[in-house]
Asks: 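Take a look at the following structure, please.
Every value quoted in this text rests on a predicted model; they were computed, and no experiment measured them. Order of listing sets the numbers, starting from 1, for every ligand and every atom in it.
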Amino acid sequence: MRLVLFGPPGSGKGTQAARLVARHGIAHLSTGDMLRAAVAAESPVGLRAKAIMDRGDLVPDEVVIGVIADRIEEPDARKGFVLDGFPRTVGQAEALAKLLHDKGLALDAVIDFEVDEAVLLGRVEKRAKEMGDAARADDNAETLQRRLAAFREQSAPVADHYRRQGILSTIDGMQEIDAVTAEIDRIVEKASAHA
Ligand code: AMP
């Protein structure tokens, strides 16, 4: 099973990705986590990405596409994966389609989390408070505004791209966590039945 979780920062993609991984034994591919690991390791990718991430802007397509291309090759991703936070631009979506096509693979579903911006701000502030000293550098009100602007301007067209392909399912991400999980389960079951 190959899924994309699409939605703005704080929309619950990471929480639901973890549940999908536990339930289906697929790999969790979060470009945000991969980039934060690269920043911590001070690798060439990390050095390039750090200031951009701290500002709340998007890391250039060629950097994230390179990271994902390598990660998809790892053995644990062969059974399937859930992409969390990628693709975030139409260019990334096209690169992903090509990477998968070259392997004779395709996406089963793209799940689009809809959450109002006021709710996102509340969630991100809560996450920062709960994490205390370990909070993400970009989980603050000011940087979130930039991350939301990046989402509106660069990422929103990705939903239209997948809608046109007929593989987008939009869900209400403001429901209780378990209700969102149940809705995702239904989408995944339907997609698997068609596969
Ligand atoms: P996330 O953990 O998904 O919220 O990502 C944190 C930050 O990493 C984002 O604000 C971007 O700076 C960067 N990032 C993560 N995924 C991508 C992506 N697919 N394209 C560009 N930048 C990304």
Asks: Which of the numbered atoms in ligand 1 are below 4.0 angstrom from a heavy atom of Gln92?
Replies: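 Those of ligand 1 that fall under 4.0 Å from Gln92 are 18 (C), 19 (N), 20 (N), 21 (C).
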Asks: Please state which option from Asp57, Thr31, Ile52 has its nearest heavy atom closest to atom 11 (C) of ligand 1.
Replies: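 Shortest heavy-atom distance from atom 11 (C) of ligand 1: Asp57.
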Asks: For ligand 1, which atoms sit closer than 4.0 Å to a heavy atom of Asp138?
Replies: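 Under 4.0 Å from Asp138, ligand 1 has these atoms: 6 (C).
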Asks: Membership question, hydrophobic clusters at under 4.5 Å side-chain separation (ILVMFWY): are Leu29 and Val158 in the same one?
Replies: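 Yes, same cluster.
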Asks: In terms of residue, atom name and distance, what is the protein heavy atom nearest to atom 14 (N) of ligand 1?
Replies: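 Looking at atom 14 (N) of ligand 1, the protein heavy atom closest to it is Leu35 CD1, 3.5 Å.
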Asks: Please report which non-hydrogen protein atom sits nearest to atom 22 (N) of ligand 1, along with the residue it belongs to and the distance in Å to one decimal place.
Replies: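 The answer is Val59 N, 3.1 Å.
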Asks: Taking all non-hydrogen atoms of both residues, which atom of Ala141 and which atom of Glu125 are closest, and how far apart?
Replies: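 Result for this residue pair: CB-OE2, 3.8 Å.
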Asks: Determine, for Asp139 against Arg147, whether the closest basic-nitrogen to carboxylate-oxygen distance falls under 4.0 angstrom.
Replies: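 Salt bridge present between Asp139 and Arg147.
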Asks: Whether Arg71 and Asp76 form a salt bridge (side-chain N of Lys/Arg under 4.0 Å from carboxylate O of Asp/Glu) is what I want to check.
Replies: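 Arg71 and Asp76: salt-bridged.
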Asks: As an exercise, identify every atom of ligand 1 less than 4.0 angstrom from a heavy atom of Arg36.
Replies: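 So the atoms of ligand 1 that pass are 2 (O), 6 (C).
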Asks: State, to 0.1 Å, how close Pro9 and Leu144 come at their nearest heavy-atom pair, and which atoms those are.
Replies: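 Smallest interatomic distance, heavy atoms only, reads CG-CD1, 3.9 Å.
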Asks: Salt bridge check, Glu94 against Lys98: does any charged N sit closer than 4.0 Å to a carboxylate O?
Replies: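 Glu94 and Lys98: not salt-bridged.
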Asks: Is Met53 close to Val59 at the side-chain level, that is, under 4.5 Å between some pair of heavy atoms?
Replies: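 Heavy-atom side-chain distance check passes, below 4.5 Å.
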Asks: Could an N or O of ligand 1 be found under 3.5 Å from any N or O of Gly85, whether backbone or side chain?
Replies: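 Checking ligand 1 against Gly85, an N or O pair does fall under 3.5 Å apart.
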Asks: Which protein heavy atom lies closest to atom 4 (O) of ligand 1, and at what distance to 0.1 Å?
Replies: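 Its nearest protein heavy-atom neighbour is Arg136 NH2, 3.1 Å.
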Asks: Looking at non-hydrogen atoms alone, which of Arg88, Arg147, Arg55, Arg146 comes nearest to atom 5 (O) of ligand 1?
Replies: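 When every heavy atom of Arg88, Arg147, Arg55, Arg146 is considered, Arg88 comes closest to atom 5 (O) of ligand 1.
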Asks: Given Met34, Gln154, Met53, Lys50, identify the one with the heavy atom nearest to atom 8 (O) of ligand 1.
Replies: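 Considering heavy atoms of Met34, Gln154, Met53, Lys50, the nearest to atom 8 (O) of ligand 1 sits in Met53.
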Asks: Can you tell me how far CG of Asp178 sits from CD of Glu183, rounded to the nearest 0.5 angstrom?
Replies: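 Rounded to the nearest 0.5 Å, the CD-CG separation comes out at 13.0 Å.
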Asks: Going by the atom numbers of ligand 1, which of them fall below 4.0 Å from some non-hydrogen atom of Val64?
Replies: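 That gives atoms 17 (C), 18 (C), 20 (N) of ligand 1.
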